[in-house]
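Notes follow the structure.
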Amino acid sequence: MAANEPSTAATVPQSGFRADRFSVRLESLLVLVVLIVALSFLSPYFLSVSNFLNILLATSVIGVLGFGATFVIAAAGIDLSLGSVLALSGVVGALSVNALNLPWPAAIVTCLAVGAFCGLINGLLNAKAGIPAFIVTLGMLGVARGLGLVFTNGQPVYGMPDPIVFLGQGRPFGVPMPVFIFIGVAIVAHFVLAFTRFGKYALVIGDNETAARAMGIRVERHRVALYMVSGTLAGLAGLIFLARVNSGDPTAGLNYELTAITAAILGGSNLFGGRASVLGTLIGALVMGVLQNGLNLLAVSSFYQQMAIGAVLVLAVWLDQVNRARGQR
Amino acid sequence: MSLLELDGIMKHFGPVQVLLGVDLKVEAGEVVALVGDNGAGKSTLMKIITGIHKPDGGTIHFDGADISGHSPGEIRERGIEMIYQDLALARMQDVASNIFLGREPTKRLLGTPIRMLDRARIEQEAEAMIRKLGARVPSVRHPVGKLSGGQQQSVAIARALTFNPKLVIMDEPTAALAVREVEHVLDLIRELKRQKIAVILISHRLTDVFAVCDRVVALRQGRVVSDEPITQTSMNAVVAHIVGAA
């Protein structure tokens, strides 16, 4: 068609494997390796299987939240309610078995359902009512936190049935259950974001919303679905938290959204959408986990740890901007 | 019945009346120019055809069916493609993803009902389309944002032509192109006409309009003020219609 010159058209490499769909930002991987090497020298307790399992266990909640943040960020959204939704889900999950005397699976179902419902509200207010995501989820941060406190009078709800406690404290093959959940969610989330239409459309919406709409993608519906994904993952994180500490704590997960979003950005997801990677977030979450673990081992006060998280967030975004400025012709 | 029939299309944005009852017919294989000053309502009219805006009044029939109020996805399914002035490309995604945007073929994951993108097919067919158009693009895996303006245009064109459209709308396709690339686009329009594909060309460049179009429709302040076969009009007459001097 209209070929008025010899074509030297596009070429498709022969192999079906696409490395770029597994790629993570090299810098974040480098940061992780440097941290691990440095801490191995700084602390005699750092380099051991049991300590690494500890890090994975401590990272599992933040990691699952980070995967939720990744989906929303892919579409140029933001979810600031992750930590509060975690707490509300855990509290309602605990109450369902503890106050309502429902059988133990009810805790799992309610945790996930409460998370999904909060996500649905976030999504509807953002996509359908057109309120900026920042404001909607900031509102949810307050409302969900407050609801959790109201439901429990501010007191933790103690005592979960054994199967739920197993989810948090069980150690099949010596590996903590939350680590299995964490890795399992990572695999599924990576598949969905990198290999399905659902993930592709999230990235396209974040990249160019007008184009997405013009090409027939149902942008509003997709946005709602994405907030439901992040809400549901916050609910799952709430379940893990609930199971680990054997109680529904309305003050759980305070400021976790900050760490989760930091993990996503550190992993190479673009805060303004269009580029996001679950594997990257996994690396980012591990950087945060290793950092926290190392600071603990070196007996650095947790006050400084807060500062470290904040500084890492700014540093990660700055690195990203420098990188992109260099990437432009 | 014509391929496309617009009947009394009205549209306002708040208090601003943009379209005041537009009638337009396009036959299969016909190339129709839509001209008009800035703000005459050309782009709004086209976005109503493609389903991005909903008309406040009037009907749209395409290929015998009423498509008024249908969604952009449904309208693309029926065979109307538009090449937007800003190209509507996802710049961080690669060439192949952009060509198949919204229509990605999927395959089963290891025989389960779970569906995943069929990347191999997407890349092969995107590659074939780029080759067919004779476009020069480094690789279908290249992010679109890193391509030149002309190459991005090729990607937008490839996307519009991959799914056998019956009508292609082009909004200022040559405005940002070099002379040689303009000739390429005009050749493409002639080729579409040969294949009985209808084209609506929005352009300020009357030389382009007179080079390829069968008919020229002038829009002025939300109304059709002239609709003439190209052989029975002149550039001066068209300019007069656009500015309202005739």
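Only this structure's heavy atoms are used, side chains among them; waters, hydrogens and symmetry mates stay out. Just so it is clear: chains get the letters A, B, ... in the order the sequence lines come, proteins before strands, and each one is counted from 1.
Contact check for K200(A) versus S97(B): side-chain heavy atoms found under the 4.5 Å cut-off.
Heavy atoms of I75(B) lying under 4.5 Å from chain A are absent altogether. With a 4.5 angstrom heavy-atom cutoff, F191(A) touches chain B only via side-chain atoms. The contact between L109(B) and chain A is made entirely by side chain atoms (from C-beta outward), counting heavy-atom distances below 4.5 Å.
Within 6.0 Å of OH on Y84(B) lie more than 12 heavy atoms contributed by other residues, nucleotides or ligands. For K54(B), the NZ atom is densely surrounded, since the number of other residues' heavy atoms within 6.0 Å is greater than 12.
The contact list for residues 203-213 of chain A toward chain B, using heavy atoms and a distance under 4.5 Å, reads L203(A), V204(A), D207(A), N208(A), A211(A), R213(A) by residue number. Within residues 98-106 of chain B, the residues that have a heavy atom under 4.5 Å from a heavy atom of chain A are L101(B), G102(B), R103(B), E104(B), T106(B), listed by number.
Your options are R194(B), E81(B), R76(B), R190(B), and the one with the most heavy-atom pairs under 4.5 Å with chain A is R76(B). By number of non-hydrogen pairs under 4.5 angstrom with chain A, the leading residue of E74(B), K47(B), R159(B), E77(B) is R159(B). Ranking V185(B), I52(B), L89(B) against chain A, the residue ahead of the rest is L89(B), based on heavy-atom pairs under 4.5 Å.
Heavy atoms only, all atoms of each residue included: P72(B) and A214(A) are closest at CB-O, 4.0 Å.
How far CZ of R115(B) is from CZ of R197(A): 9.0 Å, rounded to the nearest 0.5 Å.
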